Amino acid sequence: RILDQAARFAKLGGFEVDLETGELRWTDGMYALHGLLPSTPPRYGDHYWMYDEPDRTILKEAVARARSRKGTFDVEARATTADGKRRWFRVAGGYSKQPGEAATWCGMKQDITEQKRMQKRIEFLAEHDPVTRLANRTKLLTALNR
């Protein structure tokens with residue numbers, strides 16, 4: 001219960017693919033992040049439709065590299081959920097093998113939209129006057145140095 005609440009507050013979902021059977025399992029958080037009902041059966045690879053290019057290609061290539069070497073990946077990507085919401089996600093995962101258990105491909109997805117919005121706001125405030133919204137001395141000097 002505590003872990004489920006923490007995942008909900010962190011806007012986090014988890015996934016696992018059994019590499020022997022191909023069975024894909026999602027936490028409730030994954031359904032929520034995708035804008036899907038928990039009654040929707042997940043299928044591996046179907047989630048790529050939601051990502052914008054070039055992020056879709058970057059994510060697919062990172063996953064392919066990690067799978068080929070039984071390693072890990074960690075990608076930030078823009079997407080549109082099934083319910084039409086524009087979001088930024090951090091997707092991370094990799095190969096996992098526990099003694100006595102089948103090998104799995106597992107990971108997490110986190111909605112980082114608010115962090116990206118705050119980062120953009122901080123960058124804007126660092127280079128613009130808050131009242132006039134005009135470029136400030138810092139932005140001017142950066143442009144001149146370029």
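These figures come from a predicted structure and were not determined experimentally.
- Trp49 and Ile58 fall within a single hydrophobic cluster, where Ile, Leu, Val, Met, Phe, Trp and Tyr are joined by side-chain heavy atoms under 4.5 Å apart, directly or via other members.
- By the 4.0 Å N-to-carboxylate-O rule, Arg25 lies close enough to Glu16 to be salt-bridged with it.
- Using modelled atom types, one side-chain atom of Thr27 and one backbone atom of Gly14 make a donor-acceptor pair closer than 3.5 Å.
- Remark: the backbone N or O of Thr138 is paired with a side-chain donor or acceptor of Thr142 at under 3.5 angstrom.
- The residues Glu114 and Lys11 are annotated as not salt-bridged, no charged nitrogen and carboxylate oxygen being separated by less than 4.0 angstrom.
- Counting non-hydrogen atoms of other residues, nucleotides and ligands closer than 6.0 Å to CZ of Arg69 gives a total above 12.
- Annotation for Leu125 and Pro130: closest pair CD2-CB, 4.4 Å, computed over non-hydrogen atoms.
- Note that CG of Leu12 and CD1 of Ile112 are 12.0 Å apart. Values are rounded to the nearest 0.5 Å.
- Listed for the Arg133 side chain is no donor-acceptor partner under 3.5 Å among the backbone atoms of Asp129.
- Shortest non-hydrogen contact noted between Thr113 and Asp111 is OG1-OD1, 2.6 Å.
- Distance check, rounded to the nearest 0.5 Å: CG of Asn136 to CG of Leu141 gives 9.0 Å.
- Annotation: Lys97, atom NZ; neighbour count of heavy atoms from other residues, nucleotides and ligands within 6.0 Å is above 12.
- Rounding to the nearest 0.5 Å gives a distance of 10.0 Å between CE of Met108 and CG of Leu33.
- Side-chain contact check for Thr57 and Glu61: no donor-acceptor pair (N or O, by modelled atom type) lies under 3.5 Å.
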Report task. Could you walk me through whether Thr80 and Arg86 pass the side chain to side chain contact (heavy atoms under 4.5 Å, CB included) test, one step at a time? Result -> CA-CA 5 Å; Thr80 302; Arg86 299 283 298 141; 2.6 Å; yes

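- Remark: of the listed residues Lys139, Arg121, Lys120, Lys139 is the sole one forming a salt bridge (Lys or Arg N to Asp or Glu O under 4.0 Å) with Glu127.
- Between the side chain of Asp28 and the main chain of Tyr31, no donor-acceptor pair closer than 3.5 Å is present.
- Rounded to the nearest 0.5 angstrom, Met50 CE and Thr81 OG1 are separated by 6.0 Å.
- No single ILVMFWY cluster, assembled from side-chain heavy atoms under 4.5 Å apart, contains both Leu134 and Ile122.
- The cluster map of Ile, Leu, Val, Met, Phe, Trp and Tyr, joined by side-chain heavy atoms under 4.5 Å apart, puts Leu24 and Leu37 in different clusters.
- Put simply, Met30 and Trp88 are part of two different groups of oily side chains (I, L, V, M, F, W, Y) that touch within less than 4.5 Å, one to the next.
- A distance-only check finds no donor-acceptor pair linking the side chain of Asp74 to the backbone of Gly93 [under 3.5 Å].
- Leu19 CG to Ser96 OG: the interatomic distance, rounded to the nearest 0.5 Å, is 9.5 Å.
- The ring-ring contact (aromatic ring centres under 6.0 Å, His included) test with His34 singles out one residue from Tyr48, Trp26, Tyr51, and that residue is Trp26.
- Under the 4.5 Å side-chain criterion, counting only non-hydrogen atoms from C-beta, Trp105 is in contact with Arg67.
- Considering Arg78, Arg90, Arg87 in turn, Arg78 is the only one that fulfils the salt bridge (Lys or Arg N to Asp or Glu O under 4.0 Å) rule with Asp55.
- The shortest distance between side-chain heavy atoms of Gln119 and Glu123 falls below 4.5 Å.
- For the pair Tyr95 and Thr104, the minimum side-chain heavy-atom distance is 4.5 Å or more.
- Between the side chain of Gln110 and the backbone N or O of Ala10 there is at least one donor-acceptor pair closer than 3.5 Å.
- A salt bridge is defined here as a Lys NZ or Arg NE, NH1 or NH2 lying under 4.0 Å from an Asp or Glu carboxylate O, and Arg56 with Glu53 meets this definition.
- Checked by atom type, the side-chain pair Lys109/His47 shows no donor-acceptor distance below 3.5 Å.
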